[in-house]
Amino acid sequence: MPVNDPVGDMLTRLRNASRARHDKVVIPHSKLKVEIIRVLKDEGYVGEYTIHERQPQSEISVQLKYGPDRSSAITGIRRISKPGLRRYVPMRDIPRVLNGMGIAVLSTSKGVLSDSEARKQNLGGELLCTVY
């Protein structure tokens, strides 16, 4: 079944798997999805991820992280810029998610970055999602 919003589908799979307390989730592969997952891993929201080369569609297997009481590292994950309404922000308008307790993921001219990294590099871009 074709998906109109592959990034939104990936975020929904992560949200559903973490709420169901799964250990890992399998996502169809794309370069943008790998970069978003890399940012989430660097910020500590997911564990390791591996790319499985398969035909006709490669897959990404992502390990989910949980706390000692089995509480999910991802409390909330929300798609901001959608195919029907893209949201671009300059550096000064990048939102602070939960006063810095969460992150925003941006697609910039230097690649996919977290909000803090985009502020350091003085870059704006497309606001893909927020995670907390």
Side-chain angles (χ1 to χ4, degrees):
M1 185 168 162
V3 177
N4 289 334
D5 184 10
V7 174
D9 178 62
M10 177 192 72
L11 298 176
T12 299
R13 286 177 189 233
L14 287 170
R15 182 184 315 111
N16 290 344
S18 68
R19 285 185 181 167
R21 305 285 192 257
H22 290 289
D23 292 329
K24 70 174 187 167
V25 62
V26 178
I27 300 166
H29 177 273
S30 79
K31 291 178 184 177
L32 178 60
K33 292 178 193 176
V34 170
E35 290 300 308
I36 293 171
I37 291 172
R38 179 190 54 78
V39 169
L40 293 178
K41 180 184 178 296
D42 293 345
E43 296 292 330
Y45 288 99
V46 297
E48 294 297 320
Y49 64 93
T50 55
I51 300 170
H52 304 287
E53 299 292 331
R54 298 208 173 116
Q55 289 298 330
Q57 173 80 44
S58 297
E59 296 175 333
I60 310 165
S61 180
V62 181
Q63 295 285 56
L64 299 175
K65 284 180 90 173
Y66 296 99
D69 59 343
R70 197 72 174 148
S71 62
S72 177
I74 298 174
T75 306
I77 189 165
R78 193 167 151 236
R79 178 84 154 118
I80 302 298
S81 182
K82 299 175 175 141
L85 180 62
R86 300 289 184 191
R87 177 134 181 250
Y88 298 93
V89 292
M91 188 274 300
R92 67 180 178 279
D93 293 338
I94 296 173
R96 295 203 183 273
V97 182
L98 291 180
N99 287 329
M101 297 299 290
I103 63 164
V105 180
L106 286 90
S107 176
T108 68
S109 58
K110 305 278 181 162
V112 178
L113 302 172
S114 67
D115 56 348
S116 59
E117 192 62 35
R119 281 189 198 95
K120 283 180 195 167
Q121 296 186 21
N122 200 19
L123 292 170
E126 183 180 358
L127 184 59
L128 296 175
C129 63
T130 57
V131 183
Y132 51 93

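Just the heavy atoms: all of them, side chains too, but no hydrogens, waters or symmetry mates, feed the values below.
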Considering residues, nucleotides and ligands other than R21, do more than 12 of their heavy atoms fall under 6.0 Å from its CZ?
-> yes

Which heavy atom of V97 sits nearest a heavy atom of A104, and at what distance?
-> CG2-N, 4.0 Å

Heavy-atom closest pair (R38 atom, Y49 atom, distance to 0.1 Å) is CB-OH, 3.7 Å

Check the surroundings of atom CG in D93: do more than 12 heavy atoms from other residues, nucleotides or ligands lie under 6.0 Å from it?
-> yes

Identified side chain to side chain contact (heavy atoms under 4.5 Å, CB included) counterpart of P28 within the set R54, E59, R13 = R13

List the steps, then state whether side-chain contact (heavy atoms from CB on, under 4.5 Å) holds for R87 with L127.
-> CA-CA 6 Å; R87 177 134 181 250; L127 184 59; 3.5 Å; yes

Does atom CZ of R70 have more than 12 heavy-atom neighbours, drawn from other residues, nucleotides or ligands, at distances under 6.0 Å?
-> yes

Within a strict 4.5 Å, meaning less than it, do heavy atoms of the L106 and V89 side chains meet?
-> yes

What's the spacing between L40 CG and I103 CD1 if we round to 0.5 Å?
-> 5.5 Å

Is it the case that one hydrophobic cluster holds both L98 and I74, taking links as side-chain heavy atoms less than 4.5 Å apart, direct or via other members?
-> no

Can you find a pair of side-chain heavy atoms, one from Y45 and one from K65, that are under 4.5 Å apart?
-> no

Would a 4.5 Å heavy-atom cut-off, applied to side chains only, mark V26 and I60 as touching?
-> no

Side chain to side chain donor-acceptor pair (under 3.5 Å) pairs, two or more places apart, involving residues 121-132 = S81-E126, R86-E126, E117-Q121

Looking at side-chain heavy atoms only, is the closest gap between S58 and H52 below 4.5 Å?
-> no

Does atom CG of D69 have more than 12 heavy-atom neighbours, drawn from other residues, nucleotides or ligands, at distances under 6.0 Å?
-> yes

Spell out, yes or no, whether V7 and V34 are grouped together once hydrophobic residues are joined by side-chain heavy atoms under 4.5 Å, including indirect joins.
-> yes

In Å, rounded to the nearest 0.5 Å, how long is the span from CG of L32 to CG of L128?
-> 6.0 Å

To the nearest 0.5 Å, tell me how far K31 NZ sits from I36 CD1.
-> 14.5 Å

Evaluate the side-chain proximity of V39 to L113: yes if any heavy-atom separation is below 4.5 Å, no if none is.
-> no

Stepwise side-chain contact (heavy atoms from CB on, under 4.5 Å) test for M10 and I37 = CA-CA 10 Å; M10 177 192 72; I37 291 172; 3.9 Å; yes

Take R79 and D5 through the test salt bridge (Lys or Arg N to Asp or Glu O under 4.0 Å) and record every step on the way to the result.
-> CA-CA 10 Å; R79 178 84 154 118; D5 184 10; 3.0 Å; yes

Which atom of T108 lies closest to which atom of G124, heavy atoms considered | CG2-O, 3.5 Å

Between L14 and L64, which heavy-atom pair has the shortest distance, and what is it?
-> CD2-CD2, 3.9 Å

Going by heavy atoms in the side chains, are R15 and T12 under 4.5 Å from each other?
-> yes

Side-chain touch V62/K24, heavy atoms, less than 4.5 angstrom | no

Measure the CD1-SG distance between I80 and C129 for me, rounded to the nearest 0.5 Å.
-> 8.0 Å

Closest heavy-atom pair and its distance - A118, I94 | CB-CD1, 3.9 Å

Taking the side chain as every heavy atom from C-beta outward, state whether V105 and S114 have any atom pair closer than 4.5 Å.
-> no

Looking only at non-hydrogen atoms, find the nearest pair between P95 and D115 and report the distance.
-> O-OD2, 3.7 Å

